[in-house]
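Notes to accompany the following structure.
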Protein chains: 2
Amino acid sequence: MSNQAAPTVCCPSLTERRVPAEAAAVLAPAFKALGDPVRLQLLSMIASAESGEICVCDLTPAFDLTGPTISHHLRTLREAGLVDAERRGTWVYYRARPAILRQLAALLTVTPAEADGRDCS
Amino acid sequence: MSNQAAPTVCCPSLTERRVPAEAAAVLAPAFKALGDPVRLQLLSMIASAESGEICVCDLTPAFDLTGPTISHHLRTLREAGLVDAERRGTWVYYRARPAILRQLAALLTVTPAEADGRDCS
DNA sequence: TGTCTGTTTCGACAAACGTCGAGACAGCGT
DNA sequence: ACGCTGTCTCGACGTTTGTCGAAACAGACA
């Protein structure tokens, strides 16, 4: 099931200091994987699954796309280290990797000092 | 300087409920803009600038890329709503838009309930 | 063993992307 | 008015991406 290594760079916010080229090279592919609406929804369906995992057979029919296309997007998420896959009998189950999600969130977190204020308005 | 509208969708985490197609369509382009190492560094340099803004003339020499290429990446960041640009005399200054960064961070934030634990290890 | 279903791989194609050089535009200083 | 410098736009290029259909692989079940 060939899961790739998850990035191991760490954690200060984008806004605190300039992210070095090596860190950018490692983190950017994860953001790139999130940069497609289908993959964003796939990851969300996986990460929000009640049991912590979800079957490809539940993912595929949720989109107007062929099986191979969904499989391709799932592979992209896997190679970005965002999800893990496990085959159990006939079906393949995907689960999210919270550690890397947290890392990306931390990168994007804005120190509350810097104003201009309201999100969600 | 033609700044595009920033996404106005809001805020629950990826992991809480499935992100709807319309939200994904709006948010994915912002992640896509972050999905290139050069743009990630550009945004970081902009967002971490002491005065809150930084001149293109300070950005360009930090990379082994031509002016037009840097300009193209900056335009991508602008169109994704991640930064704002303002011309003052000869120079053009860029500043980050914290609201959308916060929104993206919120989307990626994992509810501490879901374990598997340690980031930054 | 054979066949059926679920999933992935392969090959192809059009569209989008990252990069460049050449040229255009905007202000400043003479 | 002219030229100089900083920035952006345009056109071109090779590469990567998203999608598909066809085919391969994996496990279940008769």
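- Looking at the side chain of A:Cys55, the nearest of the listed nucleotides C:dG21, D:dC20, C:dT7 is C:dT7.
- Place A:Thr60 and B:Val38 on DNA chain C by their nearest nucleotides, and A:Thr60 ends up nearer the 5' end.
- Taking atom CD of residue B:Glu79 and atom P of nucleotide C:dC17, one finds them 10 Å apart after rounding to whole Å.
- If you measure from atom CG of A:Leu40 to atom C1' of D:dG18, you get 16 Å, rounded to the nearest angstrom.
- Looking at heavy-atom distances under 4.0 Å, B:Gly67 makes no contact with the nucleic acid at all.
- For the OP1/OP2 pair of C:dT8 and a distance below 4.0 Å, the side-chain nitrogens and oxygens of A:Tyr94 include at least one atom meeting the criterion.
- Distance, A:Trp91 CH2 to D:dG27 P: 13 Å, rounded to whole Å.
- When each of D:dA28, C:dT8, D:dC8 is scored by its nearest atom to the side-chain atoms of B:Val56, the top-ranked nucleotide is D:dC8.
- Side-chain contact of B:Tyr94 with B:Arg78: a donor-acceptor pair under 3.5 Å is present, judged by distance alone.
- For B:Lys32, the listed nucleotide lying nearest its side chain is C:dC17; candidates were C:dT19, C:dC17, D:dG27.
- In this structure, A:Ile70 reaches neither bases nor backbone, as no heavy-atom distance under 4.0 Å exists between it and the strands shown.
- Contact detail for A:Ala24 and A:Val19: the closest heavy-atom pair is N-CG2, 3.7 Å.
- Here A:Arg88 lies out of heavy-atom contact (under 4.0 Å) with every strand.
- One atom, CZ of A:Arg39, and another, C1' of D:dG18, lie 8 Å apart when rounded to the nearest Å.
- Of the candidate nucleotides D:dG18, D:dC20, D:dT9, D:dG18 has the atom lying nearest to any side-chain atom of A:Asp36.
- As a whole-Å value, the separation of B:Leu34 CG from C:dG18 P is 12 Å.
- Considering only the side chain of A:His72, D:dG18 comes nearest among D:dG27, D:dG18, C:dC20.
- Between C:dG6, C:dT8, C:dC20, one nucleotide has an atom nearer to the side chain of A:Arg78 than all others, and that is C:dT8.
- Between A:Thr66 and D:dT19, a side-chain N or O to OP1/OP2 separation shorter than 4.0 Å is absent.
- In this structure, B:Asp58 places its CG atom 11 Å from P of D:dG6, rounding to the nearest Å.
- A:His73 comes within 4.0 angstrom of the backbone, heavy atoms only, and of no base.
- No option in A:Leu82, A:Asp84, A:Leu77 other than A:Asp84 meets the side-chain contact (heavy atoms from CB on, under 4.5 Å) test with A:Arg97.
- One atom, CD of B:Glu86, and another, P of C:dA26, lie 17 Å apart when rounded to the nearest Å.
- With C:dG18, D:dC20, D:dT9 as the candidates, the nucleotide lying closest to the side chain of A:Pro68 is D:dC20.
- Remark: A:Ser71 is not in phosphate contact with C:dT7, judged by side-chain N or O atoms under 4.0 Å from OP1 or OP2.
- A:Thr69 comes within 4.0 angstrom of a base, heavy atoms only.
- Scanning both residues, B:Leu14 and A:Leu40, for their nearest heavy atoms gives CD2-O, 3.8 Å.
- Residue A:Asp64 is the one, among A:Gly89 and A:Asp64, whose nearest nucleotide of DNA chain D lies closer to the 5' end (criterion: closest heavy atom).
- Using a 4.0 Å cut-off, no side-chain N or O of A:Arg87 falls inside it from OP1 or OP2 of C:dG6.
- Per the geometry, CZ belonging to B:Arg75 stands 15 Å off C1' belonging to C:dT19, to the nearest Å.
- A:Gln41 places a side-chain heavy atom less than 4.5 Å from the side chain of A:Phe63.
- Smallest separation of non-hydrogen atoms from B:Lys32 and B:Arg39: O-NH2, 3.4 Å.
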